[in-house]
Amino acid sequence: MRQRPSIRLRLMTIEDTEKIVTWRNRDFVRKNFIYQEPFTAEGHLSWIREQVETGRVVQFIICLSDGREIGSVYFRDIDRENGEAEYGIFIGEETALGCGYGTETAKQALAYAFTQLKLHKVFLRFLSDNISAMKSYEHAGFLLADRRESVMTRQGVREVRFMELDDAAWRQAAHDGGLERKANE
């Protein structure tokens, strides 16, 4: 049986702009985002200047051990005073969907959030009909919150669900299941 490539995260750079724009504009990615407008290089460069360079966002490229780059993961609206941030991820290569890379990425990213950024809570939003994303988030330790919203997307009104994970629950899960060790390998 062939072993699945492992992942590692590297900080996104300005040189990743074309790749990010391509991934975000793929229909299978865009339909699962709350913001579904076409993504542009200009918009991404503005994101880097206004969000990444100011420290409000930390964004990574998801790299496989076989050399492929398959998507991006980020923490946005980082509130260092309250120790909170919003988590986001997208897999931009269709052949990498359903392979467990999202879950593994979340585990590594959460290790970074709780140990390097010293966050106390990470939350995320997802479109409620994106069941595979919800399952991936659950495998990474996120728990459904009671909060819900509705948004207008290209597909019409859709429900947005929230999930969250705090550092104490993450550390307990890491202790019980080896997440911390795995995330730092």
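- To the nearest 0.5 Å, atoms OG (Ser136) and OH (Tyr101) are separated by 13.0 Å.
- The environment of NZ in Lys19 is crowded: more than 12 heavy-atom neighbours from other residues, nucleotides or ligands sit within 6.0 Å.
- Considering only heavy atoms from C-beta on, Phe126 stays 4.5 Å or farther from Val160 through its side chain.
- No salt bridge links Asp129 with Arg161; every basic N to acidic carboxylate O contact stays at or beyond 4.0 Å.
- The minimum heavy-atom distance between Ala145 and Glu164, with the atom names listed, is CB-OE1, 4.3 Å.
- For the pair Met134/Leu144, a side-chain contact is recorded, criterion being any heavy-atom separation below 4.5 Å from C-beta on.
- The distance from atom CZ of Phe162 to atom OH of Tyr137, rounded to the nearest 0.5 Å, is 12.5 Å.
- Ser72 contributes atom OG, which lies 9.5 Å from atom CZ of Phe60 (distance to the nearest 0.5 angstrom).
- Side-chain atoms of Thr17 do not come within 3.5 Å of backbone N or O of Ala41 as any donor-acceptor pair.
- In this structure, Phe75 and Gln59 have side chains that are not in contact, with every pair of non-hydrogen atoms separated by 4.5 Å or more.
- Cluster annotation: Leu143 is not connected to Leu165 through the hydrophobic network of ILVMFWY side chains, with a link wherever side-chain heavy atoms come within less than 4.5 Å.
- Ring orientation note: the planes of Phe39 and His44 are tilted relative to one another, at an angle of 30° to 60°.
- Side chain of Ser46 to backbone of Glu42: no donor-acceptor contact under 3.5 angstrom is found.
- No donor-acceptor pair closer than 3.5 Å links the side chain of Thr103 to the backbone N or O of Ala140.
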Derivation of the side-chain contact (heavy atoms from CB on, under 4.5 Å) call for Ile20 and Met12
CA-CA 9 Å; Ile20 295 280; Met12 179 198 66; 4.3 Å; yes
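- For Thr54 (side chain) and Glu50 (main-chain N/O), a donor-acceptor pair under 3.5 Å exists by modelled atom type.
- One N or O on the side chain of Asn32 and one on the backbone of Phe28 form a donor-acceptor pair closer than 3.5 Å.
- Among Lys121, Arg56, Arg125, the one residue that satisfies the salt bridge (Lys or Arg N to Asp or Glu O under 4.0 Å) test with Glu86 is Arg125.
- Looking at Asp16, its side chain does come within 3.5 Å of a backbone N or O of Thr13 through a donor-acceptor pair.
- With Glu159 contributing its side chain and Arg148 its backbone, the two residues share no donor-acceptor pair below 3.5 Å.
- For Tyr87 and Tyr74, the gap between ring centers reaches or exceeds 6.0 Å.
- Between Ile78 and Leu119, the closest side-chain pair of non-hydrogen atoms falls below 4.5 Å.
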Can you check salt bridge (charged side-chain N to carboxylate O under 4.0 Å, His left out) on Glu93 and Arg26, steps first, answer last?
CA-CA 9 Å; Glu93 297 296 332; Arg26 291 192 168 142; 3.4 Å; yes
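- The same ILVMFWY cluster, assembled from side-chain heavy atoms under 4.5 Å apart, contains both Leu11 and Leu117.
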Could you go through Glu53 and Ile48, starting from their C-alpha distance and side-chain angles, then the distance that decides it, and tell me whether this counts as side-chain contact (heavy atoms from CB on, under 4.5 Å)?
CA-CA 6 Å; Glu53 290 176 358; Ile48 290 172; 3.7 Å; yes
Using side-chain contact (heavy atoms from CB on, under 4.5 Å), reason through Thr105 and Leu9 one step at a time and then give a plain yes or no.
CA-CA 8 Å; Thr105 296; Leu9 304 179; 3.9 Å; yes
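- Side-chain contact between Asn82 and His120 is absent, with no heavy-atom pair separated by less than 4.5 Å.
- Aromatic ring orientation, Phe114 versus Trp170: tilted (interplanar angle from 30° to 60°).
- Judged purely by atom type and a 3.5 angstrom limit, Arg8 has no side-chain atom pairing as donor or acceptor with the backbone of Ile62.
- Taking CD1 of Ile91 as the start and SG of Cys99 as the end, the distance is 9.0 Å to the nearest 0.5 Å.
- Interatomic distance, Ile131 CD1 to Glu138 CD, rounded to the nearest 0.5 Å: 9.0 Å.
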Show, in sequence, the C-alpha distance, side-chain angles and deciding distance for Glu84 and Val122, and conclude whether the side-chain contact (heavy atoms from CB on, under 4.5 Å) test is met.
CA-CA 6 Å; Glu84 296 180 1; Val122 174; over 6 Å; no
Given the rule in the salt bridge (charged side-chain N to carboxylate O under 4.0 Å, His left out) test, do Arg10 and Glu69 qualify, once you have shown the distances and angles that lead to the verdict?
CA-CA 10 Å; Arg10 71 162 174 80; Glu69 296 175 332; 2.9 Å; yes
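- From Ile7, atom CD1 reaches atom CD1 of Ile70 across 7.0 Å, with rounding to the nearest 0.5 Å.
- Side-chain contact check for Val21 versus Glu18: every heavy-atom pair is 4.5 Å or farther apart.
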